[in-house]
Every structure is written in C-alpha cells, then in structure tokens.
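The structure appears right after this line, and notes come after that.
Just so it is clear, the structure is predicted and the values come from calculations on it, not from any experiment. Scope of the values below: all heavy atoms of this structure, side chains included, with no hydrogens, waters or symmetry mates.
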Amino acid sequence: MKKDTQNDYALIALDWGTSSLRCYRFNAQGEVVERRGHPWGIMNLPAVEVGDDPQAPFRAALQSACGDWMQAAPEAPLIAAGMVGSKQGWREAPYLTIPLAPDRIGRKLTQVDTGAGRPLYIVPGLLQVSTLPNVMRGEETQVVGALRQYRDDELLIGLPGTHSKWVRVTHGRIQHFDTFMTGEVYGALSAHTILGRTMQKPDAPDDAAFMRGARVAQTVEGQAGVLSNIFSSRTLGLTGELDAAAQPDYLSGLLIGHELAALKSMTTVHRQRIVLIGDAGLCRRYRLALELYSMGPVSVAEEATEAGLWLLAQHAGLVN
C-alpha cells in the first residue's frame, strides 16, 4: 500500500452544509486522495461546553472530521463552502453580487480562526439583486466545478434538490439564476397535506407515473397552474386511475414539469446545453422531464463540488 506523502496533503477542503460535513483531501495535482462524510452539519454540531466561546462546536466538528489530516500536514490550507458561511454558520461570508466571473469568488474568501494554527477560508455565496432577490450558498462552488468541464458560450446549469437552482452562464460569466422550492414543496405536500393520506411508498421508481405528472403542465388543464393541478394527485386516486404507490411519483413529475415549463418560458435559448449537478437518481428524473420539454442537450457534471473547491483555492492563491 502506497504511503501518503506531503504532496498528498496539498489542500483540505470542506463541503459544510446544514445537515452534513463532507471532507476532501487533495494531492498537489488537484486529485482527491481521500473523502470523508460526517453528520456535523451546522444544525447538528457536536455537543461541547461552549462557555465564552460560541465557536467551540464548529472547532470540535472540524477537529473530529479531519484533525488527523491537519496534524499530518500543518501547512495544508483549509477551504470550506456551503452553509458554514451563512448567518447561522461559523462566520458569515458576505454575498457577492452577480453577474461576475467565477474567479472573483475565490478572491473574496472570508477567514475564520480555527484555533489550530491556521485559518479556514470560507467561500462567499452569490446574490442576485432584483425586485425579488435571489441567493445561493454552496451551489456557486458546484457551478465553478462544472465550468471546468464545460466551456460552451451558453450554458444552463441545473442543481435539482430541495431548492432547485438554475444558473445561466454566458461566455464563462455567471449572469442569472432562478430558485424553485420544488423538493421542499414535494416533501411538505406528501407529509403534511391530504395528498399524502392516500399515498404509499413505491418499491421502485414509477417512471410512467412520473412522466404522466410531468406532462400536466403541457396540457390545457395545466394552464390552471400548479396550485390547482396538485389536487389531481388525490382525485386520480379516488377515481381509480392512479394507485396509491404511483401517486408519489406522479406528484413529483407534476411539480418538476411545472418547474421546467416555467423555466422554458423564461429561457431565450431553448436548445442550449444543460448541465445537471446532484443526486444521480434525481438527475435521471430531471433528464427525462427535460427531454419531454425538448430542452437540452443534457449532460451530468461529475464531482463538481470537489473540482470547484480546488479551483477556488487556486483562484485564492492557496494552492498552485
């Protein structure tokens, strides 16, 4: 077994979110040598005696997650992206206003004292100033990573999830983004409304039910809008057209279909390349729905978070 060297500790990078902390150790070539996952999200930090130090839980989480890496490489810089830089995080990293070039993000990192002899550099989020402002924190790092793989003049980068983000990139500059709370609304409707009363969790994904739901926004009935259409998840069950195990996937498709229909109405170039980043199963579903709505071509960016953390560290001058 190959023994680690100092070259295998060129950067320690953290994807520090609300519910989890993911750690990456990079070698001098920008390759991930080791990955770790921990439950120490900012809302689930270790229980330690705080006293006069409100930052103690964050320091304890960092030490628990990768203290051995830090001890083995005292000179390795630390960088983190995600909710650790929010108002509820270790220290707030101010938002940068778009449009901007991605390399500006790495030049505006916020330092926090780790108590371990070196600072932690926190990546800022992005702010879109408008009548209805929009923000992202953590996704900007994934976008930077995706841009390492795709250099089209026009890109639409999709990050499906609890709060789906759609980011428009023109000539390498982040120009605009939209947020759809599709995942969170699906969870709330399934767990806390009458729609969930007749649902059963399927043994396997039901693509037919999903696509049936995704088509609704394309129909005349779909013009009534998502607030009207979601009731069909219940009525199709009551009339025997949709069994209980098909209803969750139908509702998922219906919400995603309305998301994409709205997105398509706002997008000037319908056949531009779309790059998806996220959970493989969810990206597969979005890909099916995007094909239904004649949007694409569609690609999936792999390891975008890791690539983005390394690039931002390069832009900041933390690594060569």
With rounding to the nearest 0.5 Å, note down the distance linking CH2 in Trp16 to CG in Leu120. 7.0 Å
Do Val275 and Val169 have side chains that get closer than 4.5 Å, going by heavy atoms? no
Does any non-hydrogen side-chain atom of Arg25 lie less than 4.5 Å from one of Cys66? no
Is any NZ, NE, NH1 or NH2 atom of the basic residue among Asp207 and Arg284 found under 4.0 Å from an Asp or Glu carboxylate oxygen of the other? yes
Are the side chain of Asp53 and the backbone of Gln55 linked by a donor-acceptor contact shorter than 3.5 Å? yes
Report the C-alpha separation of Asp249 and Arg212 in whole Å, then their side-chain angles, then the decisive distance to 0.1 Å, and conclude whether the salt bridge (charged side-chain N to carboxylate O under 4.0 Å, His left out) test is met. CA-CA 9 Å; Asp249 288 316; Arg212 180 174 182 173; over 6 Å; no
Look up atom CG in Asn229 and atom NE2 in His258, then write down how far apart they are to the nearest 0.5 Å. 3.5 Å
For residues Ala301 and Tyr150, report the shortest heavy-atom separation together with the two atoms involved. CB-CE1, 4.2 Å
Ile256 reachable from Met211 in the ILVMFWY side-chain graph, under 4.5 Å edges: yes
Does Glu140 reach the main-chain N or O of Gly138 with its side chain, forming a donor-acceptor pair under 3.5 Å? yes
Nearest 0.5 Å, what's the CD-CD distance between Glu31 and Glu303? 10.5 Å
Please tell me if the side chains of Thr110 and Pro124 come closer than 4.5 Å, counting only heavy atoms from C-beta onward. no
Set out, in order, the CA-CA distance, both residues' side-chain angles and the distance that settles side chain to side chain contact (heavy atoms under 4.5 Å, CB included) for Val123 and Leu109, then state yes or no. CA-CA 5 Å; Val123 177; Leu109 305 184; 4.0 Å; yes
What distance do Phe210 atom CZ and Leu251 atom CG have between them, rounded to the nearest 0.5 Å? 11.0 Å
Taking all non-hydrogen atoms of both residues, which atom of Val135 and which atom of Thr179 are closest, and how far apart? O-OG1, 4.2 Å
Is Arg22 reaching over with its side chain to a backbone N or O of Arg35, donor-acceptor style, under 3.5 angstrom? no
Side-chain donor/acceptor of Arg287 to backbone N/O of Val298, under 3.5 Å: yes
Find the distance between CD1 (Ile12) and CG (Leu318) and round it off to the nearest 0.5 Å. 12.0 Å
Exam field: side chain Gln314 to backbone Asn320, donor-acceptor pair closer than 3.5 Å: yes
Using the rule that Ile, Leu, Val, Met, Phe, Trp and Tyr join whenever any side-chain heavy atoms are under 4.5 Å apart, tell me whether Met266 and Met181 fall into a single cluster. no
Any donor-acceptor pair under 3.5 Å from Gln88 side chain to Met83 backbone: no
Please examine the side chains of Asp8 and Glu34, heavy atoms only from C-beta on, and report whether any two atoms are closer than 4.5 Å. no
Is there a donor-acceptor pair closer than 3.5 Å between any side-chain N or O of Arg59 and the backbone N or O of Thr114? yes
Could you report the tightest heavy-atom contact between Phe180 and Asp178, atom names first, then the distance? CE1-CB, 3.9 Å
Audit row: Leu276, Leu282, side chain to side chain contact (heavy atoms under 4.5 Å, CB included) steps and yes/no: CA-CA 10 Å; Leu276 297 177; Leu282 191 55; over 6 Å; no
Examine the side chains of Thr305 and Tyr24 and answer whether a donor and an acceptor come within less than 3.5 Å of each other. no
Measure the spacing between CD1 of Ile105 and OG1 of Thr141 and express it to the nearest 0.5 Å. 7.0 Å
Do other residues, nucleotides or ligands put more than 12 heavy atoms under 6.0 Å from the CD atom of Gln29? yes
Close side-chain approach of Leu159 to Phe177, heavy-atom, < 4.5 Å: no
Side chains of Thr170 and Gln175: do they bring a donor and an acceptor to under 3.5 Å? no
If you compare all heavy atoms of Val143 against all heavy atoms of Ile277, which two are closest, and at what distance to 0.1 Å? N-CD1, 4.4 Å
Can you check whether Leu62 reaches Leu78 side chain to side chain, under 4.5 Å on heavy atoms? yes
Heavy-atom closest pair (Met70 atom, Ala116 atom, distance to 0.1 Å) is CE-CB, 3.4 Å
Are the side chain of Thr219 and the backbone N or O of Gly222 linked by a donor-acceptor pair below 3.5 Å? yes
Looking only at heavy atoms, which two atoms of Arg118 and Ala73 are closest? And how far apart? NH1-O, 2.9 Å
Measure from the side-chain N and O atoms of Asp152 to the backbone N and O of Leu155, and report whether any donor-acceptor pair falls under 3.5 Å. no
Hydrophobic cluster membership, with links at side-chain heavy-atom distances under 4.5 Å among I/L/V/M/F/W/Y: are Leu14 and Val319 in one? no
Would you call the rings of Phe58 and Trp90 parallel, tilted or perpendicular, taking 30° and 60° as the class edges? parallel
Side-chain heavy atoms under 4.5 angstrom apart, residues restricted to Ile, Leu, Val, Met, Phe, Trp, Tyr: same cluster for Leu288 and Val300? yes
Would you say Leu255 and Leu236 are hydrophobically clustered, going by side-chain heavy atoms of ILVMFWY under 4.5 Å? yes
Please table the atom pairs, donor to acceptor, closer than 3.5 Å between any side-chain atom in residues 183-193 and protein atoms at least two apart or in another chain.
unit_1	atom_1	unit_2	atom_2	d
Glu184	OE1	His163	NE2	2.4
Tyr186	OH	Pro248	O	3.4
Ser190	OG	Tyr186	O	2.9
Thr193	OG1	Leu189	O	2.6
Thr193	OG1	Leu195	N	3.2

Could you list the residues that satisfy ring pair (Phe, Tyr, Trp, His ring centres under 6.0 Å) with Tyr250, not counting sequence neighbours? none
Check whether any side-chain N or O of Gln149 sits under 3.5 Å from a backbone N or O of Glu302 as a donor-acceptor pair, and report yes or no. yes
Evaluate side chain to side chain contact (heavy atoms under 4.5 Å, CB included) for Met295 paired with Ile274, printing each intermediate quantity in order. CA-CA 8 Å; Met295 299 173 71; Ile274 294 175; 3.9 Å; yes
Could you please spell out the steps behind the side chain to side chain contact (heavy atoms under 4.5 Å, CB included) verdict for Glu75 and Tyr9? CA-CA 9 Å; Glu75 303 301 320; Tyr9 290 87; over 6 Å; no
Test Ser299 against Arg273 for side-chain hydrogen bond (donor to acceptor under 3.5 Å, both in side chains), laying out the working first. CA-CA 8 Å; Ser299 303; Arg273 179 183 293 278; 2.6 Å; yes
Do Leu132 and Asn134 make a side-chain contact, defined as non-hydrogen atoms from C-beta onward lying under 4.5 Å apart? no
Taking side chain as C-beta onward, heavy atoms only, is Leu292 less than 4.5 Å from Gln218? yes
